[in-house]
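I have placed the structure first, in the form of structure tokens, so that the comments after it can refer back to it.
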Amino acid sequence: MDAHDVVAELPCDRWSGPFGADDCRRAMAALEAGHVVSLPHLPFALAPEEIGFLTDRALDETRKNISFDPATGQCHGSGFEGERLAALTAMLERFGGEAEALVRGLLPGYAATLERARTSFRPAEIAGRTSTPRHDDKRLHVDAFPTRPMRGRRILRLFTNIAPDGVARQWRVGEPFADFAAQFLPRLRPMPPGQAWAMALLGLTRGRRSRYDHLMLGLHDAGKLDAAYQERAPRVALAFPPGVTWMCFTDAVLHAAMSGRCALEQTFHLPVEAMAEPARSPLRVLERLAGRALV
Ligand code: SIN
Ligand code: FE
């Protein structure tokens, strides 16, 4: 594996369209093939007063990310208050808007059903950060979240490196999802009867976990906890310098973030049916491997 197998570079240098039909086609094909779409000429411009936010002092001491919820307009995880919090919130909201315009313009086939979820700002350095293996994003994993059942919907994430000092964000990208899933699926236990219902009732999940969510969480954990896999699995190292924007379906692209600081990230959710090739979604791949419907 080398970088050419996992990254498609596009020349776009604006956040809103119109974009060329060829760029649109290439973006969708690459994302659905499980590749990273990289836009090396697309920086996110900061106002002079926003440069001061590029420090981990923007964080509440207990957190590693600051998140903005477009549904409520609220920011969480920052130690700032008053005017500084309002200005930081405005920066995240502006980034979310630009990211949404880009994704809608570049991926018109997704626009009708695309849902803009949270925006995050990740000021802290990743290298040297300690966490439990399950929470350690320096290990190869696909994204799946315990409190947020997706019921098959895709997770599309867009990142921009805004580090002020030239420091690249270093990622690793692993093997195709179907290969990874075929190795780990046989090791997973079935969902205990009543668990999804009880968790939803207790407010531990937002909506009810499906079998799909159970398996995706199982793959996330089993992959991260397997030290031999982490050591030996195929991977490609990718570096995203400041000024670069990139995106991928993080529910299917095995990824690990090894080092870097000061990234912005926007999450989108997308129904499987919006894809040109729904058969390539993790939902359909797992259904084929499991031989049954999972939602
Ligand atoms: C992750 O999704 O695992 C982290 C990606 C990053 O912050 O670069
Ligand atoms: Fe992740």
Side-chain angles (χ1 to χ4, degrees), residues 3 6-7 31 34-40 42-44 54-56 58-59 63-68 77 92 95-96 99 117-148 150 153-163 167-177 180-181 184 213 216-226 229-230 233 235-270 282:
V6 297
V7 183
L31 291 172
H35 299 164
V36 176
V37 169
S38 172
L39 309 165
L42 190 60
F44 177 67
L54 304 183
T55 154
D56 50 16
L59 284 167
R63 310 280 286 258
K64 57 178 189 179
N65 294 341
I66 293 164
S67 79
F68 169 76
L92 293 191
F95 175 73
R118 293 209 192 166
T119 313
S120 69
F121 174 40
R122 305 168 175 218
E125 173 59 52
I126 297 167
R129 188 188 281 161
T130 54
S131 48
T132 62
R134 193 175 266 114
H135 289 111
D136 186 0
D137 290 339
K138 297 191 290 302
R139 296 171 186 235
L140 285 167
H141 66 283
V142 289
D143 285 346
F145 304 104
T147 58
R148 259 173 288 163
M150 296 306 293
R153 284 183 308 155
R154 306 298 318 264
I155 302 171
L156 176 65
R157 289 187 140 173
L158 178 140
F159 297 84
T160 298
N161 186 346
I162 55 168
V167 177
R169 204 168 188 83
Q170 305 283 353
W171 270 34
R172 288 173 175 170
V173 166
E175 65 189 323
F177 178 79
F180 164 69
F184 283 92
D213 296 292
M216 289 298 286
L217 283 166
L219 292 175
H220 170 275
D221 292 357
K224 277 188 176 175
L225 295 173
D226 185 330
Y229 182 79
Q230 291 297 327
R235 87 270 322 264
V236 177
L238 302 178
F240 303 104
V244 173
T245 294
W246 68 102
M247 63 178 142
C248 64
F249 281 116
T250 55
D251 53 5
V253 175
L254 276 154
H255 61 284
M258 307 310 291
S259 67
R261 52 183 172 269
C262 295
L264 287 166
E265 174 271 336
Q266 177 63 50
T267 301
F268 300 93
H269 299 155
L270 187 78

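Order of listing sets the numbers, starting from 1, for every ligand and every atom in it.
The backbone N or O of Gln230 sits less than 3.5 Å from a side-chain atom of Arg235, completing a donor-acceptor pair.
Side-chain atoms of Ser120 and Arg122 form a donor-acceptor pair, as typed in the model, at a separation below 3.5 Å. At a cut-off of 3.5 Å, with distance as the only test, no side-chain donor of Asp137 or His135 sits close to an acceptor on the other residue. For the residue pair Gln170 / Ser259, no side-chain donor-acceptor distance below 3.5 Å is found, with atom types taken as modelled. Checked by atom type, the side-chain pair Asp143/His255 shows a donor-acceptor distance below 3.5 Å.
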Output block, N or O contacts of ligand 1, threshold 3.5 Å exclusive:
from     : atom 1 : to     : atom 2 : distance (Å)
ligand 1 : 2 (O)  : His255 : NE2    : 3.2
ligand 1 : 3 (O)  : His141 : NE2    : 2.9
ligand 1 : 3 (O)  : His255 : NE2    : 3.2
ligand 1 : 7 (O)  : Arg122 : NH1    : 2.7
ligand 1 : 7 (O)  : Arg169 : NH2    : 2.9
ligand 1 : 8 (O)  : Arg169 : NE     : 2.7
ligand 1 : 8 (O)  : Trp171 : NE1    : 2.9

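For Phe184 and Tyr229, the ring centers are positioned less than 6.0 Å apart.
Between Arg261 and Asp56, the closest side-chain pair of non-hydrogen atoms is not below 4.5 Å.
The nearest N/O/S atom of Asp143 to the Fe ion (ligand 2) is OD1.
The Fe ion (ligand 2) lies at the vertex of an angle of 90° between the NE2 atom of His255 and the NE2 atom of His141 (rounded to 10°).
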